[in-house]
K.L.:
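This is the structure I have questions about; it appears just below.
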Amino acid sequence: AGRSSDARRRVDRDASSSTRARRMRHRIVERRARAMHADQFRDPAREDDDDDDDEMDARARARAWARLPTKTKCLGPTLLALGTAMLGTRALFALGAIEADAHAARGTTTALTVVGGMCALAGGYATTVMWMTARGARGWSYEMIPGE
């Protein structure tokens with residue numbers, strides 16, 4: 001009878017230590033898992049977050065816009081316009097509105113598609129972030145634009 005109670009205690013202790021280890025592992029994972037821009041998002045558990053829009057008033061947005069480098073302000077819309085123009089030119093090649101010999105057209109259309117797509121995507125992202133931040137939309141910040 002003595003052995004069975006010792007064995008039970010040992011099994012209970014092993015079970016509780018493995019449960020404790022699992023809990024500790026989950027705590028560590030929960031502490032490390034954070035959003036990339038955690039300070040930009042509302043906490044759904046807080047009810048006093050309704051005044052967040054009032055805190056980010058027009059003057060604060062103007063100060064944030066002033067801190068944004070001029071290069072970034074110009075580069076986003078310029079890349080968007082340049083990429084759109086390249087993709088439009090590629091569409092004109094595809095429709096036959098612009099004539100070229102077969103070898104030149106193949107290389108040109110591929111370059112216009114690849115470079116135009118990359119420019120349009122990068123410029124579209126930067127322009128969207130700038131536009132949504134200027135409008136004061138929640139969850140958007142100039143810090144989301146990569147660069148300086």
Side-chain angles (χ1 to χ4, degrees), residues 9-148:
R9 273 188 245 148
R10 195 175 321 125
V11 169
D12 291 342
R13 185 179 54 212
D14 291 343
S16 66
S17 66
S18 66
T19 304
R20 191 175 319 126
R22 270 187 277 153
R23 286 182 187 157
M24 290 299 293
R25 183 176 54 221
H26 289 296
R27 280 191 205 138
I28 292 170
V29 170
E30 288 172 5
R31 277 191 221 137
R32 289 183 187 167
R34 292 189 180 146
M36 186 179 355
H37 301 287
D39 57 327
Q40 297 175 357
F41 299 104
R42 283 180 3 132
D43 182 13
R46 289 181 48 194
E47 295 174 2
D48 60 341
D49 270 351
D50 295 337
D51 297 331
D52 282 347
D53 289 337
D54 298 334
E55 292 174 5
M56 180 85 171
D57 61 345
R59 278 189 263 162
R61 285 195 302 269
R63 282 192 303 270
W65 176 257
R67 284 192 307 263
L68 192 66
T70 306
K71 177 182 79 171
T72 304
K73 293 176 195 174
C74 295
L75 196 59
T78 302
L79 280 174
L80 179 61
L82 187 64
T84 304
M86 286 182 179
L87 291 174
T89 305
R90 167 61 173 101
L92 291 175
F93 266 111
L95 294 173
I98 299 176
E99 295 290 328
D101 64 353
H103 296 295
R106 183 179 58 202
T108 303
T109 56
T110 302
L112 284 172
T113 303
V114 171
V115 176
M118 289 182 351
C119 287
L121 286 174
Y125 174 76
T127 305
T128 301
V129 169
M130 286 189 284
W131 178 259
M132 295 301 285
T133 305
R135 285 185 52 217
R138 260 188 261 171
W140 294 86
S141 169
Y142 292 121
E143 294 172 355
M144 295 171 76
I145 301 174
E148 298 179 35

K.L.:
Looking only at atom types and distance, does a side-chain atom of Lys73 sit under 3.5 Å from a main-chain N or O of Met130, one as donor and one as acceptor?
P.N.:
no

K.L.:
For residues Leu79 and Ala122, report the shortest heavy-atom separation together with the two atoms involved.
P.N.:
CD1-CB, 4.3 Å

K.L.:
Any idea which heavy atoms bring Gly83 and Cys119 closest together, and the distance?
P.N.:
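Nearest heavy atoms, Gly83 then Cys119: CA-CB, 3.7 Å.
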
K.L.:
Considering non-hydrogen atoms only, spot the tightest contact between Ala120 and Thr84 and give its length.
P.N.:
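In this case the closest contact between Ala120 and Thr84 is CB-N, 4.3 Å.
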
K.L.:
Rounded to the nearest 0.5 Å, how far apart are OG1 of Thr128 and CD1 of Ile145?
P.N.:
9.5 Å

K.L.:
Would you say Tyr125 and Met144 make side-chain contact, with heavy atoms under 4.5 Å?
P.N.:
yes

K.L.:
Taking the side chain as every heavy atom from C-beta outward, state whether Thr72 and Pro69 have any pair of such atoms under 4.5 Å apart.
P.N.:
yes

K.L.:
Return the minimal non-hydrogen interatomic distance between Gly76 and Ala126, and the atom names on each side.
P.N.:
CA-CB, 3.9 Å

K.L.:
Measure the CE-CZ distance between Met132 and Arg138 for me, rounded to the nearest 0.5 Å.
P.N.:
11.5 Å

K.L.:
Roughly how far apart are Leu112 CG and Ile98 CD1, rounded to 0.5 Å?
P.N.:
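So the gap between those two atoms works out to 8.5 Å.
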
K.L.:
To the nearest 0.5 Å, what is the distance between CD on Glu99 and CG on Leu92?
P.N.:
11.5 Å

K.L.:
Between atom CG of Leu95 and atom CZ of Arg90, what is the distance when rounded to the nearest 0.5 Å?
P.N.:
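Answer rounded to 0.5 Å: 9.5 Å.
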
K.L.:
Do the side chain of Thr89 and the main chain of Ala85 share a donor and acceptor less than 3.5 angstrom apart?
P.N.:
yes

K.L.:
Nearest 0.5 Å, what's the CG-CG distance between Leu82 and Leu75?
P.N.:
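Reported to 0.5 Å precision, the distance equals 10.0 Å.
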
K.L.:
Counting only heavy atoms from other residues, nucleotides and ligands, does the tally under 6.0 Å from CH2 of Trp131 exceed 12?
P.N.:
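No, the 6.0 Å shell around CH2 holds no more than 12 heavy atoms from other groups.
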
